[in-house]
Trainee: 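One structure coming up, written as C-alpha cells, with questions to follow.
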Amino acid sequence: MPTPTAVRAAAAPPGTAAAPLHGLIGRWFDENARTLPWRDPGCSAWGIMVSEFMLQQTPVARVLPVWEEWLRRWPEPAALAAEPSGEALRAWGRLGYPRRALRLHAAATAIVERHEGEVPAGREELLALPGVGTYTAAAIASFAFELPETVVDTNIRRVHARAVTGNALPSPALTAAEFKLAEALMPEEDTKRWNAGVMELGALVCTARSPRCGECPLLDRCAWIAAGKPEPHYVPKGQAWAGTDRQVRGAMMAVLRKAEGPVPRSLLLGTVDLVHDGAEHAVEIAKLQALGASDEQLARSLDGLLADGLAENVPAGVRLPA
DNA sequence: AATTCGGGGCC
DNA sequence: GGCCCAGAATT
C-alpha cells in the first residue's frame, strides 16, 4: 500500500513521479497492442458494448468469432431488440454465463426505449442498463466515447498491485484503496490510451501465472521486482466445476440451443431413456445424461434456468425464450 | 463480504 | 487437473 504522499505524487501531471508511467506504457501499447476489431476506430459504440459483455470472464480468443457473428447479424441495438431473447441465447453459443446474453438483449431493448437506439455515453445512464456494472460502464465511456473514466479490471488491478504496490496479486475483491490508486494514476490526457494500455500490459506481459518481466516496460521501476517478487498473500480458491449445478445447467442450455423446438421435460430430467432416433440434439442429451446428476439436481437446475429466464415452459416441453 | 453463475484452453 | 479469464447481481 503506497503512502498518501506517494499516491498524490503519482497523480500529478507531467514532470512528477508518475508521469513516466504514462509514457512508458503508452509507447509500449502503441508498439504491442493486439489488433482487435472492437478497437478499430470505425467500430461503433454498440460494437464496443457487445465486446465488453462478451469479455466479462471470457478470454479474447473465444470471443472473437462470436462477436463477428453478432455484429454482422445485429449491427445496432434495435436489431437485437427486435428479436426474441432466445435468439441471443442461441447465438451466444458456448461463451458461458448465458445470462450475459439475456442482459445484453435487455440492455439493447432499454437503449431503444430510453435512448432512441443509441448507446448512451454517460456513466449513470450506462450503469442503469442491465448487465452493466462499474467496470463495463467505465470501459464503454472510455473506449467508445473517450470520456475520462477510471477503468479497473482484473488486468489493471494486477499491474497496479505489482508495479506500484509491490504485491504478487491484487486482493480477491476490488477495494476502495485500489480504486483510489487507479484514479490517482490516471493521466490528464489520453485516458483511453492509458486505460487500454494498462489493460493490455496485464493481458500480454504482466500475466497472472508466468509474467514476462523481461518484456515489461516497467521492469526498472516495478515495486514487485524491487521487493524480490514476493509470493501472493493468499491462495486463490478455484471455482468448483465438476458436479455443480452450473455444469448441469450448461449441459441443459446446450440441449436447448441445439434443439429446433421444445424439448420434452422428461428428456432433460432423465426420466426416460434417449429413444429419439436421429434427434438433432441427441449428442447434447447424451452429454447431459452422462453427468449422472441426481433427480433432485436435474430438477433444481431446470427450475433455475426457468426462474432466470434462460428457458421457458410450453405445453410440448422446454425451449429457449420466444 | 460471500455466493452464484459457463466453459475451455493452457501449464 | 487446477487455474485463469476486459464481472454482475443477489443475498
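Naming convention: chains lettered A, B, ... in sequence-line order (proteins, then strands); numbering from 1 in each chain.
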Trainee: Which is true for A/Gly133 with a 4.0 Å heavy-atom rule: it touches a base, it touches only sugar-phosphate, or it touches nothing?
Mentor: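 The answer is sugar-phosphate, as A/Gly133 gets under 4.0 Å only of primed atoms, P, OP1 or OP2.
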Trainee: I need the CG-P distance between A/Leu55 and C/dG7, as an integer number of Å.
Mentor: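 Going from A/Leu55 (CG) to C/dG7 (P), I get 8 Å.
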Trainee: Just call it for A/Arg34: base, sugar-phosphate, or nothing, with non-hydrogen atoms closer than 4.0 Å on any strand.
Mentor: base
Trainee: Restricting to side-chain hydrogen bond (donor to acceptor under 3.5 Å, both in side chains), what partner residues turn up for A/Arg27, sequence neighbours left out?
Mentor: none
Trainee: Pick the closest DNA chain C nucleotide for A/Arg99 and for A/Gln239 by heavy atoms, then say which residue is nearer the 5' end.
Mentor: A/Gln239
Trainee: Taking side-chain hydrogen bond (donor to acceptor under 3.5 Å, both in side chains) as the test, write out the residues that go with A/Ser85, two or more places apart.
Mentor: none
Trainee: For nucleotides B/dC5 and C/dC4, find the distance between their C1' atoms and express it as a whole number of Å.
Mentor: 16 Å
Trainee: Starting at atom CZ of A/Arg103, determine the distance to atom P of C/dT10, rounded to an integer number of angstrom.
Mentor: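 Interatomic distance, CZ of A/Arg103 to P of C/dT10: 7 Å.
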Trainee: In terms of ring plane angle, is the pair A/Trp70 and A/Trp92 parallel, tilted or perpendicular, where the classes change at 30° and 60°?
Mentor: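 Correct class here is perpendicular.
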Trainee: Taking the nucleotide of DNA chain C with the nearest heavy atom to each, does A/Ala139 or A/Pro130 sit closer to the 5' end?
Mentor: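 Of the two residues, A/Ala139 wins.
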Trainee: Mind listing the closest non-hydrogen atom pair of A/Ala251 and A/Leu288 along with its distance?
Mentor: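 For A/Ala251 and A/Leu288, the tightest heavy-atom pair comes out as CB-CD1, 3.8 Å.
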Trainee: Which atom names give the shortest non-hydrogen contact between A/Lys229 and A/Cys213, and what distance separates them?
Mentor: NZ-SG, 3.4 Å
Trainee: How many Å lie between CG on A/Asn155 and C1' on C/dC5, as a whole number?
Mentor: 8 Å
Trainee: Okay, side chain of A/Arg193, backbone of A/Glu189: is any donor-acceptor separation there less than 3.5 Å?
Mentor: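 No, A/Arg193 side chain to A/Glu189 backbone: no donor-acceptor pair under 3.5 Å.
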Trainee: In whole Å, I'd like the distance from the CZ atom of A/Arg246 to the C1' atom of C/dA8.
Mentor: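 Distance check: A/Arg246 CZ to C/dA8 C1' gives 14 Å.
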Trainee: When you compare B/dG9 with C/dA8, how far apart are their C1' atoms, in angstrom units rounded to a whole number?
Mentor: 24 Å
Trainee: Rounded to the nearest angstrom, tell me the gap between atom CG in A/Leu95 and atom C1' in C/dA6.
Mentor: 13 Å
Trainee: Picking from C/dA6, C/dC5, C/dA8, which would you name as closest to the side chain of A/Ala208?
Mentor: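 Of the candidates, C/dC5 comes closest.
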Trainee: Let me know the distance between CZ of A/Arg157 and P of C/dC4, rounded to the nearest Å.
Mentor: 13 Å
Trainee: Which nucleotide, C/dA6, C/dA8, C/dC5, lies nearest any side-chain atom of A/Thr136?
Mentor: C/dA8
Trainee: Side chain of A/Tyr97 only, please: which of C/dG7, C/dA6, C/dC5 is the nearest?
Mentor: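 Selected nucleotide (nearest to the side chain): C/dG7.
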Trainee: Using 4.0 Å as the upper bound for N to carboxylate O, is an ion pair formed by A/Arg90 and A/Glu87?
Mentor: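 Answer for the salt bridge query: yes.
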Trainee: If you measure from the P atom in B/dG6 to the same atom in C/dT11, how many Å do you get, rounded?
Mentor: 16 Å
Trainee: How close or far is atom P of C/dC5 from atom CE of A/Met199, stated in whole angstroms?
Mentor: 13 Å
Trainee: Under 4.0 angstrom, heavy atoms only, what part of the nucleic acid is A/Thr207 near: base, sugar-phosphate, or nothing?
Mentor: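 No contact.
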Trainee: From the 5' end of DNA chain B to its 3' end, which nucleotides mark the outer limits of contact with chain A, defined by a 4.0 Å heavy-atom distance cut-off (strictly under)?
Mentor: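 Endpoints of the contacted stretch of DNA chain B: B/dT3 to B/dC10.
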Trainee: On DNA chain B, check which nucleotide each of A/Ala251 and A/Arg209 is closest to and give me the residue with the more 5' one.
Mentor: A/Ala251
Trainee: Using a heavy-atom cut-off of 4.0 Å across all strands, would you classify A/Val132 as base, sugar-phosphate, or nothing?
Mentor: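 Sugar-phosphate contact only.
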Trainee: Rounded to whole angstrom units, what separation is found between the CG atom of A/Leu104 and the P atom of C/dA9?
Mentor: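 Atom CG in A/Leu104 sits about 12 Å away from atom P in C/dA9.
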Trainee: Applying salt bridge (charged side-chain N to carboxylate O under 4.0 Å, His left out) to A/Glu83 and A/Arg73, what does each step give before you reach the verdict?
Mentor: CA-CA 11 Å; A/Glu83 296 225 33; A/Arg73 183 170 175 185; 3.6 Å; yes
